Amino acid sequence: MKNFSEGKFDICVIGAGHAGCEAALVCARLNLKTCMLTLNLDSIAFLACNPSIGGTGKGHLVREIDALGGEMGVNADKTAIQMRMLNEGKGEAVQSLRCQCDKNAYHREMKRTIENTPNLRVIQGEAAKIMTGNGKVTGVLTTYGGVIEASAVIVATGVYLNAETVTGEVRAKSGPSGFAPATELTKNLIELGFKIRRFKTGTPARLDGRTVDFTKCGVQEGENNLPAFSFLNDSPAKNTAVCHLAYTNALTHETILKNLDSSPLYNGDIKSSGPRYCPSIETKVVRFADKQRHQIFLEPEGLDTNEIYVQGMSSSMPHEVQREMYRSVQGLEHCDIMRYAYAIEYDCIDSLDLYPTLEYKNVEGLYSAGQINGTSGYEEAAAQGLIAGINAAFKIQNKPPFVLGRDEAYIGVLIDDLTTKGTEEPYRIMTSRAEYRINLRQDTADFRLTPKIADTPLYTIQRKKSFENRKKAFKAALDALNSRIADRAAAQRFMTEYNIDGAPPLAYAELIRRGADIKGICNHFRILEGIAEEILKSAEATIKYEGYLKKNAQQIEKAKKSEERLLPPDIDYDEIKGLRLEAREQLKRVKPLTLGQAGRIYGVNPADVTVLIVWLATRKN
């Protein structure tokens with residue numbers, strides 16, 4: 001087959017899922033000529049599993065993506081059909097925004113955005129080879145012989161590499177939802193030195209909503225007056241759909257257990273690593289044998305379809321078993337399955353092969369982002385795509401690398417975990433992974449991150465206006481709450497009404513520290529009128545956790561001393577006496593950039609870090 005030129009670009013992005021979309025958009029918005037290569041235009045930003053964005057930890061990522069000029073939050077707001085705030089009964093640090101999106105609308109809107117973005121060309125085709133020369137990327141070759149010249153390449157292939165779906169005894173070479181898999185690129189990645197692994201994920205059945213008896217199910221309404229995902233959006237989405245709750249029962253569990261030998265997860269057909277935090281219904285029933293029931297959520301896939309997503313009941317059982325299993329649930333006795341559940345296995349890389357910029361250690365200009373890096377979830381993928389795109393663009397523009405610290409963003413936690421610790425299963429972000437999660441609240445994402453893009457085209461006029469207005473309102477709220485209470489009698493009445501003991505405080509902020517809520521203070525004293533509710537809650541949380549924030553600041557400052565101590569790129573760990581064998585092997589594998597990163601590697605203990613400190617001091621002398 002004769003090769004031909006598809007054109008010359010600065011950057012080529014392979015893949016058009018959530019990582020690929022963010023990567024391509026941010027590169028184009030940074031004024032670089034960008035090509036996005038996708039297997040199928042109909043799979044752009046496809047929501048292969050639940051059509052929801054956000055959730056615990058994930059909502060934080062979406063707002064951080066938005067604060068850095070990404071698109072996921074904007075698109076989620078456009079297509080949301082139900083909004084909820086998770087963990088409202090817990091502290092502000094773990095509260096997370098979540099929306100149910102219209103599946104088809106999400107794809108259409110993202111595709112429209114991409115097609116109308118300057119500097120960005122979309123090509124339908126399959127990548128066969130990443131071309132290199134002298135240890136650097138030179139472009140991409142398609143299976144049709146198209147040559148895409150590029151100074152940087154971002155691999156964002158999701159779960160498509162040699163993908164196979166598994167249902168009972170049936171194994172098919174297929175990507176998600178019947179899309180074709182990518183079969184050519186894995187061999188080339190191996191040739192380039194990547195360590196390839198097989199991971200697995202799964203998805204539940206989609207039911208015909210007309211055959212579900214929702215009167216037998218619990219109702220889960222959306223919440224009103226919640227903030228939008230995007231800081232550019234002052235109008236929260238309206239709730240136009242209702243979700244429902246149902247439960248498995250003894251009959252469901254009996255059906256699963258008696259057919260366990262036909263489950264690929266238990267008969268040995270599936271050997272790859274699956275997501276521990278999103279187990280199949282078979283795994284739940286076996287692992288939690290003492291539980292009499294498991295909660296499931298019936299969530300609409302969109303406003304233009306009757307399909308209902310059965311969250312919490314993913315499976316790879318044979319179709320006939322699935323039919324019996326789903327129909328054992330109250331409310332689903334007569335349900336018709338429109339799309340059966342399946343597991344999907346796919347190739348991915350070892351994320352320890354990447355620098356914190358998500359550049360591959362062995363080939364300059366080659367980046368990797370999304371589920372190919374061993375993660376799960378749309379939000380984790382989008383976050384990596386954004387960072388890979390910014391770093392690829394900055395490298396071409398001769399700008400310093402863009403790396404976020406664990407104290408700065410959940411994105412920083414995510415990427416540091418991947419590139420320092422690695423993962424042996426599909427990685428999922430959780431608030432518990434962040435040491436400084438009080439500092440990383442979702443409501444402060446723009447305050448933390450937007451200044452980092454202030455000198456780039458990502459800091460648009462609209463974003464500048466939004467950011468400055470929010471910052472001004474936040475300062476006004478803090479100043480007002482820290483100001484003196486003029487009416488002592490009103491303060492005493494407030495304390496009596498809210499059962500707050502002690503003498504009346506001098507400032508409104510002290511009432512918050514004693515347990516009063518911001519709404520009550522504003523209503524009683526007639527202050528802070530006209531300031532958005534989210535800004536008020538941000539100010540309230542900042543005052544409430546002031547002591548913890550100060551303590552964290554001291555810990556962060558101490559940790560930064562280690563992060564600022566660079567390790568030489570040519571360091572020979574075999575020559576450093578005193579390092580344990582395990583530590584030496586892990587340090588050689590990861591090649592940490594800083595002393596702080598070295599200390600977070602599995603197998604490297606504090607004594608090993610002390611050896612490195614002494615070695616650095618000796619080398620300096």
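All values below were derived from every heavy atom in this structure, side-chain atoms included, with hydrogens, water molecules and symmetry-related copies excluded. As the structure is a prediction and not an experimental result, all values here were calculated from the model. Numbering starts at 1 and runs along the sequence shown.
Atom CG of L358 sits about 6.0 Å away from atom CD of Q384, to the nearest 0.5 Å. K78 NZ to S230 OG: the interatomic distance, rounded to the nearest 0.5 Å, is 10.0 Å. In this structure, CD1 on I256 lies 5.0 Å from CD1 on I281, to the nearest 0.5 angstrom. One finds the OG1 atom of T201 at 9.0 Å from the OH atom of Y342 (value rounded to the nearest 0.5 Å). Summarising the geometry, atom CZ belonging to R84 is positioned 8.5 Å from atom CD belonging to E88; distances are rounded to the nearest 0.5 Å. Note that OG of S52 and OH of Y106 are 10.5 Å apart. Values are rounded to the nearest 0.5 Å.
Side chains of E64 and Y410 form a contact here, defined as non-hydrogen atoms less than 4.5 Å apart. With contacts defined as side-chain heavy-atom distances shorter than 4.5 Å, the pair N233/D66 does not qualify.
Scanning all heavy atoms of the two residues, the minimum distance from A48 to T203 falls at O-OG1, 4.1 Å. Of all heavy-atom pairs spanning L120 and A24, the tightest one is CD1-CB, 3.9 Å. Between T423 and S351, the shortest heavy-atom contact is N-OG, 4.3 Å. C217 and A246 get closest at one heavy-atom pair: SG-CB, 4.4 Å. Closest heavy-atom contact between H253 and T248: NE2-OG1, 2.9 Å.
Within the 3.5 Å criterion, the main-chain N or O of L418 finds no donor-acceptor partner in the side chain of K421. Side chain of S273 to main chain of E424: a donor-acceptor pair is present (N/O by atom type, distance under 3.5 Å, no hydrogens or angles). Looking at N259, its side chain does come within 3.5 Å of a backbone N or O of T255 through a donor-acceptor pair. Listed for the E333 side chain is a donor-acceptor partner under 3.5 Å among the backbone atoms of G331. Side-chain atoms of H107 come within 3.5 Å of backbone atoms of I44 as a donor-acceptor pair (strictly under, hydrogens ignored). The closest donor-acceptor contact from the side chain of R98 to the backbone of L86 lies at 3.5 Å or more, if one exists at all. Distance alone, capped at 3.5 Å, is enough to place a donor-acceptor pair between the D102 side chain and the A105 backbone. Judged by distance alone, the side chain of Y326 and the main-chain N or O of A205 form a donor-acceptor pair under 3.5 Å. Using a distance-only test at 3.5 Å, with no hydrogens or angles considered, a donor-acceptor pair links the side chain of Q322 to the main chain of M317. Counting only distance, with no hydrogens or angles, the side chain of E223 and the backbone of M85 share a donor-acceptor pair below 3.5 Å.
Because its NZ or CZ atom is both nearer than 6.0 Å to the ring centre of Y427 and within 45° of the ring axis, R433 counts as a cation-pi partner of that residue. Annotation: cation-pi geometry not satisfied between R206 and Y309 (NZ/CZ under 6.0 angstrom from ring centroid, within 45° of ring axis).
Here E109 pairs with R112 in a salt bridge; the nearest charged N to carboxylate O distance falls below 4.0 Å. Checked for salt-bridge contact, D336 and R327 meet the test: a charged N lies under 4.0 Å from a carboxylate O. Taking a cutoff of 4.0 Å between a charged side-chain nitrogen and a carboxylate oxygen, E534 and R63 qualify as a salt bridge. Between K111 and E71 there is no salt bridge, since no side-chain nitrogen of the basic residue lies less than 4.0 Å from a carboxylate oxygen of the acidic one. Here E299 does not pair with K103 in a salt bridge; the nearest charged N to carboxylate O distance is not below 4.0 Å. Electrostatic pairing of E254 and K258 does not count as a salt bridge here, judged by no charged N lying under 4.0 Å from a carboxylate O. The pair R600-D417 does not meet the salt-bridge criterion, since no charged nitrogen lies less than 4.0 angstrom from a carboxylate oxygen. Checked for salt-bridge contact, R441 and E92 miss the test: no charged N lies under 4.0 Å from a carboxylate O. We find that E184 and K129 are not joined by a salt bridge, their nearest charged nitrogen and carboxylate oxygen being 4.0 Å or further apart. One finds a salt bridge joining K58 and E380 here, because a Lys/Arg side-chain nitrogen approaches an Asp/Glu carboxylate oxygen to under 4.0 Å. Using a 4.0 Å cut-off between charged nitrogen and carboxylate oxygen, R171 and E345 count as a salt-bridge pair. The residues R589 and D353 are annotated as salt-bridged, a charged nitrogen and a carboxylate oxygen being separated by less than 4.0 angstrom.
Between T186 and the options I190, T183, N188, a side-chain contact (heavy atoms from CB on, under 4.5 Å) holds for only I190.
Checking T252 against N249 by side-chain atom types alone, a donor-acceptor pair falls below 3.5 Å. Judged by distance alone, the side chains of Q100 and N50 do bring a donor and an acceptor atom under 3.5 Å apart. Counted by atom type alone, N267 and D261 present zero donor-acceptor pairs between their side chains at under 3.5 Å. Side-chain contact, S280 with T283: a donor N or O sits under 3.5 Å from an acceptor N or O. Residues N373 and T375 bring no donor and acceptor atom of their side chains to less than 3.5 Å of each other.
Remark: R197 CZ is packed, more than 12 non-hydrogen atoms of other residues, nucleotides or ligands lying under 6.0 Å away. Shown here is R210, whose CZ atom has no more than 12 heavy atoms of other residues, nucleotides or ligands within 6.0 Å. Within a 6.0 Å sphere centred on CG of N225, heavy atoms belonging to other residues, nucleotides or ligands number 12 at most. Other residues, nucleotides and ligands place no more than 12 heavy atoms under 6.0 Å from the NZ atom of K291. More than 12 heavy-atom neighbours from other residues, nucleotides or ligands sit within 6.0 angstrom of CZ on F214.
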Show your working on side chain to side chain contact (heavy atoms under 4.5 Å, CB included) between D416 and L404 and close with a plain yes or no.
CA-CA 9 Å; D416 184 67; L404 297 172; over 6 Å; no
Run the numbers on T431 and H60 for side-chain hydrogen bond (donor to acceptor under 3.5 Å, both in side chains), then give the verdict.
CA-CA 9 Å; T431 53; H60 293 71; over 6 Å; no
Taking it one step at a time, do Y602 and Q586 satisfy side chain to side chain contact (heavy atoms under 4.5 Å, CB included)?
CA-CA 7 Å; Y602 287 132; Q586 288 294 85; 4.3 Å; yes
Carefully, step by step, assess T419 and L352 under the rule side chain to side chain contact (heavy atoms under 4.5 Å, CB included).
CA-CA 5 Å; T419 59; L352 292 178; 5.8 Å; no
Full working for side-chain hydrogen bond (donor to acceptor under 3.5 Å, both in side chains) between E282 and S315
CA-CA 7 Å; E282 300 99 285; S315 177; 3.1 Å; yes
Stepwise ring-ring contact (aromatic ring centres under 6.0 Å, His included) check, Y360 with F194:
CA-CA 9 Å; Y360 180 41; F194 280 104; 3.7 Å; yes
Go through the steps to decide whether C12 and I154 satisfy the test side chain to side chain contact (heavy atoms under 4.5 Å, CB included), and finish with yes or no.
CA-CA 6 Å; C12 177; I154 302 171; over 6 Å; no
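Ring to ring, Y160 and Y346 are not that close: their centroids are 6.0 angstrom or more apart.
In this pair, H18 and Y378 present their aromatic rings tilted. The plane angle is within the 30 to 60° band. Classification of the F179-F46 ring pair by plane angle, with boundaries at 30° and 60°, yields perpendicular.
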